[in-house]
Each structure stands twice: as C-alpha cells, then as structure tokens.
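What follows is one structure encoded as structure tokens, with my remarks underneath.
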Amino acid sequence: MQDKYAPADIERAAQTHWNKTGAARAVEDTSKPKYYCLSMFPYPSGKLHMGHVRNYTIGDVLSRFHKMQGFNVMQPMGWDAFGMPAENAALANNVPPAGWTYSNIDYMRKQLQSLGFAIDWEREFATCTPEYYRWEQWLFTRLYEKGLVYKKLGTVNWDPVDHTVLANEQVIDGRGWRSGALIEKREIPMYYMKITAYAEELLTELDNLPGWPEQVRLMQKNWIGKSTGVRFAFPLADNADEQLWVFTTRADTIMGVTFVAVAAEHPLAMRAAAGNPELANFIEECKKGGVAEADIATMEKKGMPTGIYVSHPLTGEQVEVWVGNYVLMSYGDGAVMAVPAHDERDFAFALKYNLPIKQVVAVDGESFSDQAWAESYADKIKGKLVNSGKYDGLGYEAAVDAISADLSAKQLGDKKTQFRLRDWGISRQRYWGCPIPIIHCSTCGDVPVPDDQLPVVLPENVEITGAGSPLAKMPEFYECKCPKCGGDARRETDTMDTFFESSWYFLRYACPDNTMAMVDERVQYWCKGGIDQYIGGIEHAILHLLYSRFFTKLMRDVGLIGDLGEPFANLLTQGMVVAPTFYRDLDGGKKLWLNPADVDVVTDEKGRPTGATLKSDGLPVVIGGTEKMSKSKNNGVDPQALIDQYGADTARLFIMFASPPDQSLEWSDAGVEGAYRFLRRLWKTTYDHVQAGLVDTKFAQDSLSTAQADLRRKLHQTMGKVADDYGRRKQFNTAIAAVMELLNAYDKCDLTNATGRKLAQETLESIALLLFPIVPHIGQALFAELKPGLDAGVQAFPKADPAALKQDEIELMVQVNGKLRSSIRVAAEADKASIEAAALASEGAVKFMEGKPAKKVVVVPGRLVNIVV
RNA sequence: GCCCGGGUGGUGAAAUUGGUAGACACAAGAGACUUAAAAUCUCUCGGCUUAUGGCUGUACGGGUUCGAUUCCCGUCCCGGGCACCA
C-alpha cells in the first residue's frame, strides 16, 4: 500500500476498473427492484459549474447507495442542447451554434467522467440531433391533429431597431440588450399547447405525489391557480346585445362596482380609441415595455376613461369603462370589474382618479370612515353585505349563490371555475431549436409535415446576425411544396421552446437506440411507478416540472407509455449554488459582469465586504447581489481548478459536506482544504493498520474493553445513521459528520490488543463502504487494501449489529423550571419513579429548587427530566 | 406586486416527532515537534460576568407550552419563480 494519499493515481485506477467492468452499465433485469436515478441534464454552456457538480454528486451518491442496497440502478446523462446561448456565442465569436454546442459537450463529458460518476454513457444523447428531435416533431403533428396544438396571437417583446423578438432576459430596464432601444409589445401568431385541458388533472395529481417536497407541490398548485367564482356580463349601455364579460371571485361585492377596467388590447378599448386621439396615445403608451409579469405588476397603475358606458347587470346603473395598464388581455376576458371599497388595487386606482368608492361588505357593522380604514379593510375581509338592496345581511357564500342565481336567470352570467394557468406558447423566432413541422399553404392552410417527411432537419450552416429570425432568411429552408396539394408553400420558420426537449428526455433514456419509435416497452420497466429519484435545481420547481408532468400525460393519452401519468415519484430539489456578482457600468445603461475569480473583495475587520477591485487593473468594481451562478451574470465558479488540485473525491466530499442538498449554497473556497485533510487522514489511518497486518473481524462482543465497546457501539450507530441519512433524509453533510466523529473516536481508542486490532479492521472496512457513495475512488482503493481482491461497489451496505448497540447505562439531563441544572446516570431500563427520585436527589436540582416542593415533574424517556417548582 | 423558501458563533453548518443550542468542519489564536518551513499533534474559541459558578443568546416584536431554533400571529431583511434564461 502507498503510504501517501495520491488522488490522481487512485482515481485513474478506479475509473479504469469501473470502465473495464462496465460497473455503471444498466440492463433491464426483472429479478431485482429497479432504481432509476435521474439528474436534470445540463445545458452545454461550455464547462461544468458548481451547481452541476452538486447536482450530479447527489445523484451519484443515491445511485451508488441504492446499488449497494441491492437495486438495479440506472443513472443516465444527456444534453439539453438547444438554446439561446449557442446563438449568443455565434454572435460574439462567429462560431456556428452546432459546432460550439458539440465541442462544449465533448469538454463537459470529459469533466463529468473525471468526477467518477456511475453514469451509463451508452444511453447518452443530445437533444439537438435529428435522431432525438424528430420524435417531438412527430408527437407535435399527432397533437396538432388531436387539437391539442393550435395557433393564436401571442404577445412578445419587440425590438424596433433590430427588428427582432427578444426573450425576457434580453430586455433590461425596458430596453433591448444589444440595440438599447425601448421595447414594445407586439402580437404575432404562435402555436400553443393546450395545457389548460389538463389543468384539473395536473392539480389533483399533486396530492398523489408524497415523494415531492411540499414546497414544490404548493408552488405548482398556486401556479395552476384554480379559483371558483362568477363569470358575468355588463351589457353595453347603448347596445344591450353587446356584452362585456368579466370574471370575479368576489361576486358578493358586485353591488359595489363603480367602474370596469379593460386591457389596452381589449376590443372595446380599440373601438373607443378610434375617435379619441388621447386614448389612442394612452393605449400606445401601454404597449411600451416588455411582457414580463414582474415588470407589469410593479409598474405604476395608470388608466384612462373610454367614454363607453355599460349597464350594471343587476341594478342597470351606468358604469364607465376604463382602460387600465394593469389589466392583462391574456387573463380571462381581459376585463375586470372594479370594487374600490374591497380591493386594494381598485382602491388605489379610484383614489388616484377620483372614482366613487362604495362599501358593500361590513364586518361587525363597521362602516367606511376614511382612507386609512379602507386601506386596511380592502381585499382582506369577507363579511355581511350592506348597501346591497335585497342581498343585505347575506354572508359571502349566500351572497354569491343569490347573485349568481339572479345573473343566471337574466342569462348574464353563472358560476365558473377558472384557472390561472395559461396555454403554453411554444413558437420561438430563433434559429437554434427544433423546427416546428408545419407547412403553410395558401390553399390548404396550415398542414402538418407528414411522417414520411420527418424529420424537418435544422440546417447547420447559418448566418447569425442578431436581427430577425435566421431561418426566415433562408429560402433553401422555407421554400417547399404543400404535402396536400403539391403547390408552392412556405415552411414554418419558428422553432420550438427548448422546454419541449426537456419535457420528455427522461423517457427516451429508457430506449435511446430506438430508431423506429419515440419510446418503447423498456419505458415500462424503468419508469414503472415513476422515476425513482429526480434531482435538480429548485429554480425548475414550476415550469420544467409542470411541462414534464403535462407531457407524460399527453404521451400516455397518445398511447405511448401505458398508464404512466406522473413521471417523477420522488423529487429532490437542490438549492442553488449562489455567488456574489460584480459589475462595471458601461455606456447606454449596460453592465459588464465580472467573474468573482477575477475580483478581490476588500473587507473590514469584522469580515464585512467594503468594496471590491478587479485583479487585472486594481480599479474598483460594483458589488451586486448574491445570485444563482449564471452565464448572464458571469458569476459561475469553475470547479475544474478544484478537481485538478485536489482530485474528484475532495471536490465531491466538500460540496456534499458544505450544506444539505436542498439549501442554497454560497460558494467559497474555504473548507476545501479540510475535506482533503480528512481524506488524507483516513488514508494514513488505514495505511497504519494495513502495515501492522490484516486480521479477520471475528471476535466476541464481551471480549471488548469498555472503551472498545463504546467505539463499536458508535460504529454500529453510525452505520444506521449514515444509511438513514442517505436513504431517507438525503442529508449528506450529517452522514459525513457522523463518519468524521467515528474516525475521531477511533483515534482516541486503544486498539493495540488482539481484539482491538480486529475491531480496527471492522471499523476501517465499514468506513470505506460507508463513504464509498460519496468518495468512491478512495473508497474503492481503501477497501481493496483491507479486503484484497474485493470490489467495494458491489458489497452490501454495512448494517448495524444489535448486539453492538446495547447500552446498560444512559445519561439524562435534569432541568429545574426548564433550565439545565445537572445530569444523572441511570440504568437503561430504569422506571419513571426511580428516574424522578434520582433527578430530585441530584446536586443541581437540590440547589436550584431552594427547598421548594416540586409542583410537577416531566420525564422525557431517554432525554431529560424537568422539575417545575 | 404576487407565489414559494430562508435568516442560528468570525464562517459553512448541527439539533430527525416541541426536550442538553452550536455536533462536525473552516478560519483565527496559543503551544508541541523542527535549524527553519511545511505537514502533523495538543489546547482555546457565541456574548456578558464578580469564572470549578451565574446570566444571556437561534433576524426583530408578541403568543401558546413544564419546556420553543422547532408551533401560531405580526414586522424586517435575503434568495428563487413569475410563463421567451435554462
């Protein structure tokens, strides 16, 4: 055995061994329970970042642990290869997106392999290849025929200078990121997936996902946003045949309506604007800015009257229609009733424009008094109706029932269930994505590309200019014949949202080699009951996970995957790896983001940052917020240096030890040294034992000294704890801490006699196996030294021996009035009365009871005694 | 703005079901070994204090309880998502 821990050597040897034995190869085998362990596949952005290392180490620990527990494990890997960064790189460096992507994949694959993950590389694929995306084109045409894909107008960010559609990320403070031009909203035709048809199932099935974090289920539930309310109409004052429809969850307040607000794009607004230049200007103003909801929701609420009046459906009273910049055309009917007395936003709006405020709900008879009252009252309280004619005195539910019944009788409305969830617009006016398989024919309309003409292959020789859609400038791509009539036609030049690819890749891993079908029966083996563990960033809690659930249901209903309806049985959402951001302001409001590795942070004596300078020029830079590591903020930390210097095991150990997986992790280099030191110490400890000679582990429990029995108890407690931490709690930091404690105890224990050496052998063998899932290379090497010829990865995970766990005497804490005052040692099986007596007699208890009698004594078995005086 | 999380020593964190707050580490300081350095080992390490003890302390303000980092109400701050970043 080498006396020094040499990670480079043992990692190379272990990886060679695993490759040679096909250790990570997954083959269907019905004799064992399967364990499909999936980590979210990476976007090939260039090189691995810390978030990847964290994500894939978690997956690897769970995979290796379950393999040792007897499962047939599959851990695949692939590439989410379409996306904007490839086009950005093309613009910046004049490299073709395909070439850029494939070379990134090659580099990142090597990095993943150097980390020693037990990945079945024979299942690898990239989503940008026709072999992959042809199947989603095929599915798209099936869904189009079923009516689950349809075309309608959608609103996008339009850059009027570059004449191009921008992603929300490319709109910075309302301006285009390259042109600096003020962004406008523009409506263009797009294809939509009818996810709302599955809203109810996507919602109810959340209750059948006990393996998902409550947090994620709640976020999805709120996102789908089922609400029951009333949809009703205001007839137009000058033409009762025409109606303005709205939806409300507060139909009880309908008698308090003092105006109606519509979106700028609403037909009524457009009509009113025709003869009203001022209003037309206002509507134009509403079109300024991007489409991101966060921006719309935080901007100043503005409005303007249209001069159009509608009749209140119950009172016939005239109510004016306003245009409001906060009303979204894409929600419901693009119009809302306004009840300033009972809605915060309406209240603020009414105050600003001097509109009437009419209280119609009261709690405990309180009546509207002043502005402050209304602010605290609005939107919060349901009570009894007042000022509402025949509805006075009714509570919320009775009022909604009565009002909706009256509306229904007049055929002006009814109760309705509404979802916040909107259909999924999938058209992108970009190049590096999957072409939408539709052909536009002037006589036949939109025609899906027939199966025998699939795939529609994305051309790879392309010029990226940043202005307009590249495919729309390539006649050799878009000129085609109509599959129906054979006449000249134009191919769709939009590509699909890249969420399309990531919504089904996990099913394709079961059968990546199938050239005849999207998926096959192997999905039934690997995905039965759902993928056993899915691991990925919490930032995907809503969109990616919801789309994947939706796709699974779509594919089920197309008959592709049997009755599989939910893709992920267990979900672990890892926290973000975050890092500080640094920038310098450039001309035109742009920012130059600087990598933390290139910046020196200046701190005060308390360790608080006071400023930062760029290493290369020593001049100050601005410290931004601490945010998730991302390409756009240039705050990613490259793990490669860490791997090169210390080896994969140290990198894996450190990142697992730094914090529990679901917590966000602020990156810092400090502590890496400690992880390395621990591995070195473990190596040295094992080396010392091996040098003294290997022994067997057969000995009688009662031949151990008290100290040795204590160590052996700790060893077997640690086995239970680590298995529980890996399997149930998924808290790897505490598992590592427990092994560190064990090694500390080992060092302090005298193990020089014959039994002691056997206990040493037992302890070191166990530690190698306990840590194997986290640090497999050193685990493999140490176990092979301790048990020559044996392979750590195929051993059963250590299991605690009940005889070792037995304890005669235990320590209990003694509190007086809830404060810790002393401790007592009692027999493990001592009864309550004798524990109470011992506690009352203890020195600390006597002192702090000050002679007063005990009013009450609480005994918590195995923990403490609390004496109340 | 809305939805979801989080806030514990100088730092990362632990406390699993309401029961010993700070395990395990990092950093720092002191010492041993060494010609010296590195490595290694030992000790100290929340704050205050009249120090073998006592008081206090888990963002802040309240509450429930014999007992609260944990449960409830309110406030502040930080992070994630908000439908075209992935």
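These values consider heavy atoms only, across backbone and side chains, with no hydrogens, waters or symmetry-generated copies. To find a chain, count down the sequence lines: A is the first, B the second, and so on, and within it residues start at 1.
Distances shown here put every side-chain N or O of A:S659 at or beyond 4.0 Å from the OP1 or OP2 atom of B:G12. In terms of phosphate contacts, A:R677 brings a side-chain nitrogen or oxygen within less than 4.0 Å of OP1 or OP2 of B:A27. Regarding contacts with the backbone of B:A25, a side-chain N or O of A:N744 is found under 4.0 angstrom from either OP1 or OP2. Considering only side-chain N and O atoms, A:R821 lies nowhere under 4.0 angstrom from the phosphate OP1 or OP2 of B:G53. Here A:K819 reaches the OP1 or OP2 of B:U56: one of its side-chain N or O atoms lies under 4.0 Å away. Close to B:U16, at under 4.0 Å from its OP1 or OP2, lies no side-chain N or O of A:R729. OP1 or OP2 of B:U40 lies within a sub-4.0 Å distance of a side-chain N or O belonging to A:R680. The side chain of A:N733 contributes no N or O atom lying less than 4.0 Å from OP1 or OP2 of B:C24. Taking 4.0 angstrom as the limit, A:Q170 places none of its side-chain polar atoms (N or O) nearer than this to OP1 or OP2 of B:C85.
Cation-pi contact between A:K152 and A:Y192: present, with separation from the ring centre below 6.0 Å and deviation from the ring axis of at most 45°.
Glycosidic conformation of B:A38: anti, with the torsion beyond 90° of 0. An anti base is found at B:G67: its glycosidic angle is more than 90° from 0.
By the 30° and 60° cut-offs, the orientation of the rings of A:F82 relative to A:W432 is perpendicular. A perpendicular orientation is assigned to the rings of A:Y326 and A:F349, their planes being inclined by more than 60° (bins at 30° and 60°). In this structure, A:F499 and A:H544 have parallel ring planes: the angle between them is below the 30° cut-off, well short of the 60° mark.
Using Watson-Crick or G-U wobble geometry with both donor-acceptor distances under 3.5 Å, B:U52 finds no partner in any strand shown. With a cut-off of 3.5 Å on both Watson-Crick or G-U wobble distances, the partner of B:A25 is given as B:U11. When both distances must be under 3.5 Å, the Watson-Crick or G-U wobble mate of B:A37 does not exist. Here B:U69 sits opposite no nucleotide as a Watson-Crick or G-U wobble pair (both hydrogen-bonding atom distances under 3.5 Å).
Here B:A23 is the nucleotide among B:A13, B:A83, B:A23 with the atom lying nearest to any side-chain atom of A:A737. In this structure, of B:C66, B:A21, B:C85, it is B:C85 that holds the atom nearest to the side chain of A:M84. Closest to the side chain of A:A167, from the set B:C84, B:A15, B:A25, is B:C84. Checking B:A86, B:G19, B:A25 against the side-chain heavy atoms of A:Q815 singles out B:G19 as nearest. Among the nucleotides B:A86, B:G54, B:C24, the one closest to any side-chain atom of A:M740 is B:C24. Considering only side-chain atoms of A:T734, the nucleotide from B:G19, B:A14, B:C4 that sits closest is B:A14. Relative to the side chain of A:Y331, the nucleotides B:A83, B:U20, B:A25 differ in distance, and B:A83 lies closest. Residue A:P660 has its side chain nearest to B:A14 when only B:A14, B:G80, B:G1 are considered. When distances run from any side-chain atom of A:V165 to the nucleotides B:C41, B:C84, B:G12, the shortest one goes to B:C84. Among the nucleotides B:G81, B:A25, B:C4, the one closest to any side-chain atom of A:Q215 is B:C4.
For the C1' atoms, the distance linking B:G29 with B:G7 amounts to 29 Å, nearest Å. Distance noted for atom P between B:C45 and B:G10: 15 Å (whole Å). Distance check on atom P: B:U56 versus B:G67 gives 14 Å, rounded to whole Å. Spacing between B:G74 and B:C84 at atom C1', rounded to whole Å, works out to 39 Å. For the C1' atom pair drawn from B:G46 and B:G9, the interatomic distance equals 4 Å after rounding to whole Å. Straight-line distance between the P atoms of B:A86 and B:U20: roughly 48 Å, to the nearest whole Å.
One N or O donor and one acceptor, one from the side chain of A:N866 and one from the base of B:C66, sit under 3.5 Å apart.
Nearer the 5' end of RNA chain B, as judged by each residue's closest nucleotide, is the contact made by A:S664, out of A:S664 and A:Y43. In this structure, A:M219 and A:L421 both approach RNA chain B, and ranking their closest nucleotides by distance from the 5' end singles out A:M219.
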